[in-house]
Each structure stands twice: as C-alpha cells, then as structure tokens.
Protein chains: 2
Amino acid sequence: MGSLTEENYIKSIYALSEATGEVYVSELAKKLDVKLPSVNSMVKRLATKKLVAYAPYKGIKLTEKGKKEALAIIRKHRLAELFLVKVMGLGWEEVHDIAEQLEHVNSSRFYERIDELLNSPKFDPHGEPIPDSNGKIHTQKRTSLIDLAEGLTATITAVTEDEKSFLDHLNAKGLQIGDAVTIKKRELFDGSITLQHKSKKEILLTHQVAERIWVEMTVTRS
Amino acid sequence: MGSLTEENYIKSIYALSEATGEVYVSELAKKLDVKLPSVNSMVKRLATKKLVAYAPYKGIKLTEKGKKEALAIIRKHRLAELFLVKVMGLGWEEVHDIAEQLEHVNSSRFYERIDELLNSPKFDPHGEPIPDSNGKIHTQKRTSLIDLAEGLTATITAVTEDEKSFLDHLNAKGLQIGDAVTIKKRELFDGSITLQHKSKKEILLTHQVAERIWVEMTVTRS
DNA sequence: ATAAAATGTTAGATGCCTCTAATATTTTAA
DNA sequence: TTAAAATATTAGAGGCATCTAACATTTTAT
Ligand SMILES: [Mn+2]
Ligand SMILES: [Mn+2]
Ligand SMILES: [Mn+2]
Ligand SMILES: [Mn+2]
C-alpha cells in the first residue's frame, strides 16, 4: 500500500477517468486542489511504481495494478459510508467526510466485519455500487431525472454527489433514495422540473439538481 | 490538531510520564522506535507549539494543552477499542492495532455516536479507563496479581498490555476481565502463581504474566 | 576530583509532498 | 501556417519527519 496521498491521487485518477476517459495532469490538479508541478512529480512517482501509465498531452491511465488499488479504496469508502448510516445511525449527508478518512484504514479484519455486518451490501447510501472484494463493480446504466418525459413515473436509485450541501438540499426537499416521483412539468426556459412526490407534495428542482439524480423507470402495465 | 506523527509523540509522552514521571528524549526514541536526533527535533517543534516543556537532562513534560490533546487521543483510542468489541464483534486481542488508526480520525460526530451507542462507557476492553470528553480520567488504585497472598480471591479488572501476543496468551489460559480467581500457590523460586479459576481448572501463570494483571479484592464476609 | 555512564545536540543528508516563477511543448483554431 | 490556447515541464525552494556520524554536556559513581 502507498501513502495516504498516493491513495488519494489513485482514487481521483480513477474517478476522473470514469467521468471523462482521459485524465490530464491539469484536471487532476484542479480536482485535488494542488498545483500543476505537484501533480507532475507525483504522477512520475506513480508511473515508477507501475500504478499509472503516463503520456504527456495524452493523459494519465491507471494500470491494472492501479485500477485494483483504486477499487479497493472505493470499496472501503462505500462500505464505510453504509456502515456509518446503517450501523451507527448517521445521516447520508454526513458520512462522506468521515469515509474519506476511514477509507485509508489498513485492516482487513475491520472491513471484513463491516461487510459481514451489512451482509455484503451492493450499494452505498447514495446509490453508488460497492466493488466486491475482488474489485468487481456492477455499473448500471443510468437515467437522469432530466431525461424523463412529462407524465412518467420513476424511482430514485442514486445521486451523483455526496457533498453535504447537495444532500442537505435534497433532505430539505424531502427526497430520498427509493422514492417514487412523477414528472409533472418540465420548464423549457430554465430546465427546471416539477415532481409529484409520494408525500403528495409537489417538488420543484432546478436543472442543476435534477441532473444529479438517477432514476429507474417504473414498469408500467397496460 | 497536529499531524499524525505529532499525535503519536504526544500520546507516547503521556504514556511514559504516567509510568515513570520524567520522560527522556532517549526513552521516547526507544518507545517510538526512531533515533535520538529525530526525537530531538520533534521535541523542539512540540515545544515551539507549547505542547511540551523541555529541559535537557531533566526530561520532557506535557503542558496543559499537550495533556489535553493526549487525553483526547486516548479517549478516541479506547472508545474505538470498545466499539470494535461491543458493536463490531471483534476480539479484545485484535482491536488495539485498528484503534491505533481510528484514534486519528478527525470527526466529533463519529466519536459522539460511538459514545452514545456504548452509553458513555467508563472502561475499554482491557479495563483501562476512558477519559471523558473534558479529558477527565478516573485512575483507580490497582493491585497486581503478584501482590496477592495465597488463599485470597479477587476479580480481574484490567490488564496493562493490549499487545496481541499477550492477550492471545490470556485467551489460551481462559482468563478474561471479570473473572474471579483464587491464589492457590505462589512459587518463591520463580515468582510463578497457580490460580483456581471459575472454570474449575487450575491455571499457572509466570511472574511476567501475573504482574500485568490487575485485580480487585473480593469483599470477604465473616 | 576525575572517569565513566547517561543523556543530548549539531551537521548534513534523504524522501515525500508541496509551492512559485519561468519556460516549453503540443494541439487547435483563425 | 502561424498565432493562440491548452497542456506540461523544469528549476529552485521549503516544511516535515526521518537518518548517520560526529561531538557535547550533565550526572553518577569511584
Ligand atoms: Mn463518498
Ligand atoms: Mn457515497
Ligand atoms: Mn490499545
Ligand atoms: Mn486498551
């Protein structure tokens, strides 16, 4: 295992490569909030350790070894988040920051027990899939709320952010994973969406918020 | 809060000062398994930060600020250990190493919840007192097994080590905190002790082991 | 009072991780 | 095809935490 810093680089490279394919040194610098030369030298170190392959102007790519390490850290992060919610009773909006620390705990026993206590869970509290202990991850195809036509009903399965401010916002709106929602109105002007919620309340979401919410279409029978 | 390294220095200084009064740079070096000059420069840094007062050849002393920080870390360590045993179902012999990592987690929510779930516990799984959130700690006067006369009965309240090998040894002997034991025989030659245990078995302990076990005299009525 | 033992310091270096300032290369767009 | 934009590198430095090698001071025991 590498240092804490190294682990955070690997994790960020993985996340960015999922989102955008290539990862540029400059992107990584922005994500990690460090300056370019810092990233440059770390990427060299990671390349020496065969954790990444790097070609300037072409981007950084994790090697198999790097990918495996990334998935191990993500597994620990997500297991920790779910544990904090299910076993310790914390809110889904407050677990990410703690998991950022717990993901670096080096103890197979600790994570074995968490996995057992949660009965080998498949999803974290934000609907993100938890890689299994071999690093296998089930990526689902996802539909965003903004891609749903008026009148359709769907179930919220995940959100793409675990930043506290975003989750606080959803809490305030009364939205949770598992909730069924119907698209009442889509505004052409600003992309905002009005939902009909099980609570009978109508909920207005801006485009910015709605696009971060993933849903699964509710099966409709004739 | 300081760095992880700094926290470990503070904690070790506290532990050594409990055991021996003064703490010499050389002692600390041995305990932390680093060389003298490393300790020398760190102690200077800690002194700059007003965490310790240091006089060469006289020893290192924690300031009030340093003591407060030490107790906060010890509190987190011991809460974590008990949590790992009581909530997560790990054995008392395997929790110390994990707690060494968890004690550095920076999250008041995390430790608040642990404290609540455990109902503000007073002792860790090895019988060590848990400082309260203000750093107040209840130090008990302790009697070692080796100071008990033949024929007396006492209850095991704590052990002075949480090293795995020592606890594995006690597990193998079938001894736990809370067990009542009677001194059957004390050997003059090597200081070893034979116990009568609730399990009806007789247990032989070397001096080295017995001196690390604390007991409370069982009240005897006439 | 002196020598021995215990305790501590300085100098100089290294690895990790970061920075600013200056410069370089590659890609893309006019 | 050249200029602009995007991307990246080098040089030189600093803080933290560690080391080895050499040297220094204080305490203690004789
Ligand atoms: Mn998270
Ligand atoms: Mn999550
Ligand atoms: Mn411990
Ligand atoms: Mn303990």
Side-chain angles (χ1 to χ4, degrees), chain A residues 1-17 19-62 66 69-70 73 100-101 103-104 106, chain B residues 1-17 19-62 66 69-70 73 100-101 103-104 106:
Chain A
M1 213 154 330
S3 67
L4 186 147
T5 311
E6 214 176 278
E7 292 191 350
N8 284 333
Y9 271 82
I10 293 292
K11 193 170 54 125
S12 290
I13 293 168
Y14 182 90
L16 288 174
S17 71
T20 71
E22 287 93 41
V23 181
Y24 296 108
V25 171
S26 44
E27 273 183 288
L28 194 48
K30 199 192 280 180
K31 169 120 177 167
L32 289 166
D33 197 28
V34 294
K35 302 300 178 189
L36 268 177
S38 308
V39 175
N40 188 260
S41 51
M42 179 56 102
V43 167
K44 282 179 190 168
R45 272 201 292 277
L46 295 175
T48 305
K49 295 190 177 184
K50 306 283 186 200
L51 289 164
V52 305
Y54 176 50
Y57 308 95
K58 300 298 178 191
I60 308 161
K61 285 192 66 167
L62 289 176
E69 191 169 317
I73 301 164
E100 285 288 315
Q101 300 180 61
E103 74 191 8
H104 303 291
N106 177 12
Chain B
M1 214 155 329
S3 66
L4 187 147
T5 310
E6 214 177 279
E7 291 192 351
N8 284 333
Y9 271 82
I10 293 293
K11 193 170 54 127
S12 290
I13 294 167
Y14 183 90
L16 288 174
S17 72
T20 70
E22 286 93 42
V23 182
Y24 296 108
V25 171
S26 45
E27 271 185 288
L28 194 47
K30 198 191 284 181
K31 169 121 178 168
L32 289 165
D33 198 27
V34 293
K35 303 299 178 189
L36 267 177
S38 308
V39 175
N40 188 260
S41 51
M42 179 56 101
V43 167
K44 282 179 189 169
R45 272 202 291 278
L46 295 175
T48 306
K49 296 190 178 185
K50 306 284 186 198
L51 288 163
V52 305
Y54 176 50
Y57 308 96
K58 299 299 178 189
I60 307 162
K61 285 191 66 167
L62 289 176
E69 190 168 316
I73 302 164
E100 285 289 315
Q101 300 181 61
E103 75 191 8
H104 302 291
N106 177 13

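Predicted, not measured: the structure shown is a model, and the values here were computed from it. Within every chain, numbering begins at 1; the chains are lettered A, B, ... in the order of the sequence lines, protein sequences first and strands thereafter.
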Which sits closer to the 5' end of DNA chain C, V23(B) or K49(A), going by the nucleotide each is nearest to?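 Taking each residue's closest nucleotide, the earlier one in sequence belongs to V23(B).
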
Most 5' of K58(A) and S3(A) on DNA chain C, judged by nearest nucleotide: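 Per heavy-atom nearest nucleotide, the more 5' residue is S3(A).
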
Rounded to the nearest angstrom, tell me the gap between atom [atom1] in [X] and atom [atom2] in [N].
| X | N | atom1 | atom2 | result |
| --- | --- | --- | --- | --- |
| L28(B) | dA17(D) | CG | P | 14 Å |
| E22(A) | dA8(D) | CD | P | 11 Å |
| L46(B) | dC16(D) | CG | C1' | 12 Å |
| Y24(B) | dA5(C) | OH | C1' | 13 Å |
| L32(A) | dC19(C) | CG | P | 10 Å |
| L4(A) | dA17(D) | CG | P | 14 Å |
| K44(B) | dA17(D) | NZ | P | 15 Å |
| E7(A) | dC17(C) | CD | C1' | 15 Å |

Short side-chain N/O contact to [N] OP1/OP2 from [X], under 4.0 Å:
| X | N | answer |
| --- | --- | --- |
| Y9(A) | dT18(C) | yes |
| S26(A) | dA8(D) | yes |
| R45(A) | dC16(C) | no |
| K35(B) | dA22(D) | no |

With the side chain counted from C-beta on, respond yes when [X] and [Y] share a heavy-atom pair under 4.5 Å apart, and no when they do not.
| X | Y | answer |
| --- | --- | --- |
| N8(A) | E103(A) | yes |
| Y9(A) | V39(A) | yes |
| L51(B) | E6(B) | yes |
| L62(B) | E69(B) | no |

NA contact type, S38(B), heavy-atom cut-off 4.0 Å: base, sugar-phosphate, or nothing?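 Contact class for S38(B): base.
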
Nearest listed nucleotide, side chain of [X], among [options]:
| X | options | value |
| --- | --- | --- |
| M42(A) | dG8(C), dC17(C), dA24(C) | dC17(C) |
| P37(A) | dA8(D), dA11(D), dC19(D) | dA11(D) |
| P56(A) | dT20(D), dA8(D), dA21(C) | dA8(D) |
| V34(A) | dG8(C), dT18(C), dT7(D) | dT18(C) |
| Y57(A) | dT25(D), dC17(C), dA6(D) | dA6(D) |

Backbone N/O of S17(B) and side chain of T20(B): donor-acceptor pair under 3.5 Å: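 No, T20(B) side chain to S17(B) backbone: no donor-acceptor pair under 3.5 Å.
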
